[in-house]
Structures are given as structure tokens and as C-alpha cells.
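See structure below.
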Amino acid sequence: MARLRDCLPRLMVMIRSLLFWSLVYCYCGLCASIYLLKLLWSIGQRPAQTFRRAAREHPPACLNDPSLGTHCYVRIKDSGLRFHYVAAGERGKPLMLLLHGFPEFWYSWRHQLREFKSEYRVVALDLRGYGETDAPFHRENYKLDCLITDIKDILDSLGYSKCVLIGHDWGGMIAWLIAICYPEMVMKLIVINFPHPNVFTEYILRHPAQLFKSSYYYFFQIPWFPEFMFSINDFKALKHLFTSHSTGIGRKGCQLTAEDLEAYIYIFSQPGALSGPINHYRNIFSCLPLKHHMVTTPTLLLWGEKDAFMEVEMAEVTKIYVKNYFRLTILSEASHWLQQEQPNIVNKLIWTFLKEETRKKD
């Protein structure tokens, strides 16, 4: 009996792991089947248009707008990867590092680059595999440990030891992890529309609605097919994410211009440009939940109440993982793409948080 009691906890862990991975692979198969039916429907309705892609040889002018900052590159010694970023504000000012989500790139922070350059050296990064940053081929190169190390090494390469760290969506996930693993590097943490990683993993297993909203996480586990589905009908799926009534930018917010939308399509229509971003998701189930999870950095969490991908209840639960000043602001009628949709409100909230925390320290 004593031996059985000793083995029972280990057995329960094995059973939970088996059930978890069974759920992952079953849901992967279900998602693949659904998207395959969508593909067959598209071919049946418009066979020629399904595989049509417009040629995009030159970037839209907005990507070279000098008011947004200077395009720069830095090569990391350990990984050998070259990272692209856009920087605004004088060198020597405190660093504000901006981490984008999916499917985005540095340009999603255009409103913040203009806003905060007066007091910060603002750096909007293209994450590993995105845009003009190098994209390793193998999915193993996109484990969370690699993404965390990227940010640490970039800070060192830029000549900074700490920063104000802001992340949206998947960039918010990375921002949480940096604050957990390297708290000394983060003066202030600001996350937009992504809960603490442990909240996400626990919530998704208990709430079918969130499991459905996160179905793309499971779909992305499949090789090459997600990239293909994004590219058909001249990247219709990408356009849909930003402009549809269900998932796009809210009707009361700042709409993407035709040039803004073309900028996104231009970046992700380049050869192999979708594999790196999707590879970020292909390791997530082996990396979560976290062993160490407490955040000791002053934190601001901003959330669009109408987020089509994340349930707002996760935002409320996140506060239990922050052992410092924590503020949550939920914007009604706002979507997932908060910093692009409501830039004036978001920028004002960030300014208030930064100055409020400074006064608290004084």
C-alpha cells in the first residue's frame, strides 16, 4: 500500500499529461478537417481565384515613413540572428521596447513610436521569424526559451540593462515571461490583450468558449497547411482578421487604411514569411504551464472587451500573479487590436501609468 501511495502522484501526472496531449491532437485533427472543408468549398466556388496571388515587389510607402523612426539592424552574437527594428527618440533616453503579436510586425506600434519618442528611445522590434528579422527554419528554434533569450540579448546589444517593456498578444506572452525570468531588466511592464501565461493555460482547459477562440493555436501545430490556408485567395484570411465584423478592428476605432492593410499583406506575402510566425505557436504546448510564475514588476494590463480571441475574465484573474502594483483597464467596445484601434486612449493610459509609478517611487 505504501508503494502504491508513492506511485499514485506520479501516475496522476502521467494520466493528466496523456489526457492533455490527447486533447491537443484531437483538436488539431478537428481544426484541420474544418479548414480542409473550407479549402474544398473555396476551390469548388472559385477555383481560379483560390490560388491567385497578386505580385507585391515593392513595400508600401508607409513602411518607410520617416516620422515613424529609423530602420536599424542588430546581429546577436550567440544565436547569429540579425534582428530588424525601428527606433524613434534620442539615444541615451530610457528604453521603451515594443513586442508585437500575430499576425503583426513592428508597424503595429506606429502610433506609439510617434507618441513616446519625446521621452524615450522607442524600439519596435520584428520578433524572431517576422518581417526583416532572420527566420530559422526548424520549429525547435522558436521555443519560448529562445524568444526570451532574444530579448535579453537585444537589450545588451542596444547598450541597455533595463527597459519599459510593452507587449501585445503573443508579444504580451513574451513580455510576461521576460518579467518573470529577468525582473531586473523590466522597469515597468505593460501588456495588451494577453493574460498571465498560467492564467491562459488553466483557463483554456476549463472553459470550452476559450478553447474555441484559441482554435488557431491547435491548427498551427500542423505542418505547412496553416501557411497555405493563410495565402489562398490572395491572403484573404489575413485581411479578414483585421477587417471583419467578428475579429477585426472595432467600428468605433481607428480603421486600417488601405495602405496599412497592404503593408501587412506585403510583409506576410514574401517567400516563407508565414512559417516563422506560425512556428512560434508550434512549441507552446511543451513549454506551458510555467514552473516559476510570479511577477514582481509594476504592471499595467490593457484589454479590449470585445476581443474575439481572449475572454475578458482572464484579465481579472491575472492580478493574483503580480506581487507589485497592478492596474487593469478594460476598454468597452474595443477589439483585440487595441493599440492600433484606440491609440489615443492607449497612449494616455500608458503615460498615466508611467508617471504615476514614478511619483510612487519618489
Side-chain angles (χ1 to χ4, degrees), residues 31-32 35-36 38-40 42-43 46-65 68 71-76 79-86 99-110 124-143 146-147 150 154 169-171 174 216-217 219-243 256-284:
C31 293
Y35 281 99
L36 180 59
K38 289 183 177 181
L39 173 61
L40 294 174
S42 179
I43 293 173
R46 299 176 298 275
Q49 188 174 341
T50 298
F51 302 105
R52 182 185 64 84
R53 289 178 58 175
R56 294 179 174 88
E57 298 179 359
H58 304 290
C62 61
L63 294 182
N64 293 308
D65 184 348
L68 296 177
H71 289 260
C72 307
Y73 300 87
V74 60
R75 188 171 295 280
I76 304 302
S79 67
L81 297 180
R82 189 185 77 157
F83 283 79
H84 168 255
Y85 64 93
V86 172
L99 309 179
H100 62 79
F102 175 89
E104 297 174 294
F105 61 113
W106 70 266
Y107 188 69
S108 68
W109 298 108
R110 57 196 176 280
L125 186 67
D126 274 343
L127 296 175
R128 175 186 290 228
Y130 280 84
E132 295 184 56
T133 291
D134 287 347
F137 179 75
H138 296 291
R139 61 184 289 176
E140 291 77 15
N141 293 317
Y142 294 86
K143 290 183 177 179
C146 298
L147 308 181
D150 284 345
I154 285 167
D169 183 68
W170 184 259
I174 298 173
Y216 61 98
Y217 278 67
F219 179 53
F220 288 170
Q221 305 310 307
I222 303 165
W224 71 262
F225 190 48
E227 290 93 322
F228 175 72
M229 286 301 294
F230 259 97
S231 67
I232 64 173
N233 292 302
D234 196 31
F235 297 89
K236 181 180 178 180
L238 186 61
K239 300 171 188 175
H240 184 272
L241 279 176
F242 288 112
T243 61
L256 292 184
T257 66
E259 190 177 37
D260 291 336
L261 188 59
E262 186 58 30
Y264 280 96
I265 299 171
Y266 170 79
I267 290 295
F268 289 105
S269 66
Q270 301 307 300
L274 282 165
S275 292
I278 293 176
N279 276 337
H280 279 246
Y281 292 86
R282 287 179 169 140
N283 294 285
I284 188 170

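What you are looking at is a predicted structure, and each value in this text was computed from that prediction instead of being measured.
- Smallest separation of non-hydrogen atoms from Ser79 and Arg128: CB-NH2, 4.2 Å.
- Atom-to-atom distance recorded for Thr50:OG1 and Ile232:CD1 is 6.0 Å, nearest 0.5 angstrom.
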**Request:** Determine, step by step, whether Phe51 and Ile43 satisfy the side chain to side chain contact (heavy atoms under 4.5 Å, CB included) criterion, reporting the C-alpha distance in whole Å, the side-chain angles of both residues, the deciding distance to 0.1 Å, and the verdict.
**Result:** CA-CA 9 Å; Phe51 302 105; Ile43 293 173; 3.7 Å; yes
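- One distance of note links CE of Met229 with CH2 of Trp224; it measures 10.0 Å at 0.5 Å rounding.
- Look at Glu227 and Arg282 and you find a salt bridge, because one of the NZ, NE, NH1 or NH2 atoms lies within 4.0 Å of a carboxylate O, short of that distance.
- Under the 3.5 Å distance criterion, the side-chain polar atoms of Thr133 are left unmatched by any main-chain donor or acceptor of Gly129.
- Residues Cys72 and Val86 are not in side-chain contact: their nearest non-hydrogen atoms beyond the backbone lie 4.5 Å or more apart.
- Nearest heavy-atom pair across Cys146 and Asn141 is CB-O, 3.7 Å.
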**Asked** Could you go step by step and tell me if Ile265 and Leu238 meet the side chain to side chain contact (heavy atoms under 4.5 Å, CB included) rule?
**Response** CA-CA 7 Å; Ile265 299 171; Leu238 186 61; 4.2 Å; yes
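- Taking the six-membered ring for Trp and thresholds of 30 and 60 degrees, Phe228 and Phe225 have nearly parallel ring planes, at less than 30 degrees apart.
- Exactly one residue among Phe83, Tyr85, Trp106 makes a ring-ring contact (aromatic ring centres under 6.0 Å, His included) with His71. That residue is Trp106.
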**Request:** Go through the steps for Phe235 and Leu274 under the test side chain to side chain contact (heavy atoms under 4.5 Å, CB included), then give the verdict.
**Result:** CA-CA 11 Å; Phe235 297 89; Leu274 282 165; 4.0 Å; yes
**Message:** Test side chain to side chain contact (heavy atoms under 4.5 Å, CB included) on Phe242 and Glu104; report intermediate values, then the result.
**Reply:** CA-CA 10 Å; Phe242 288 112; Glu104 297 174 294; 4.2 Å; yes
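- The ring-ring contact (aromatic ring centres under 6.0 Å, His included) search around Tyr142 returns His280, not counting sequence neighbours.
- Between the side chain of Lys239 and the main chain of Asp234, a donor-acceptor pair closer than 3.5 Å is present.
- Closest approach of Leu63 and Ala263 over heavy atoms only: CD2-CB, 3.8 Å.
- Using a 30° and 60° split on the angle between ring planes, Phe268 and Phe105 fall in the perpendicular class, above 60°.
- The heavy-atom pair separating Asn233 from Ser42 by the smallest distance is ND2-OG, 3.2 Å.
- Summarising the geometry, atom CG belonging to Leu261 is positioned 10.5 Å from atom CG belonging to Leu241; distances are rounded to the nearest 0.5 Å.
- Interatomic distance, Gln221 CD to Asn283 CG, rounded to the nearest 0.5 Å: 8.0 Å.
- When the options Tyr264, Tyr107, Trp109, Tyr130 are evaluated for a ring-ring contact (aromatic ring centres under 6.0 Å, His included) with His100, the one that passes is Tyr130.
- In this structure, the side chains of Arg46 and Arg52 stay at 4.5 Å or more apart for every pair of heavy atoms.
- When side chains are defined from C-beta on, Leu99 counts as touching Leu125, because their heavy atoms get closer than 4.5 Å.
- Of all heavy-atom pairs between Ala273 and Ile267, the closest is CB-O, 3.3 Å.
- Across Ser269 and Arg53, no two heavy atoms sit closer than the pair O-NH2, 2.9 Å.
- Remark: side-chain polar atoms of Arg75 are not paired, donor with acceptor, to backbone N or O of Leu81 under 3.5 angstrom.
- Taking Tyr73 as the reference, Arg82, His84, Glu132 meet the side chain to side chain contact (heavy atoms under 4.5 Å, CB included) condition, with sequence neighbours excluded.
- The backbone N or O of Thr257 lies less than 3.5 Å from a partner atom in the side chain of Asp260, making a donor-acceptor pair.
- In this structure, Tyr281 has its ring center under 6.0 Å from that of Phe102.
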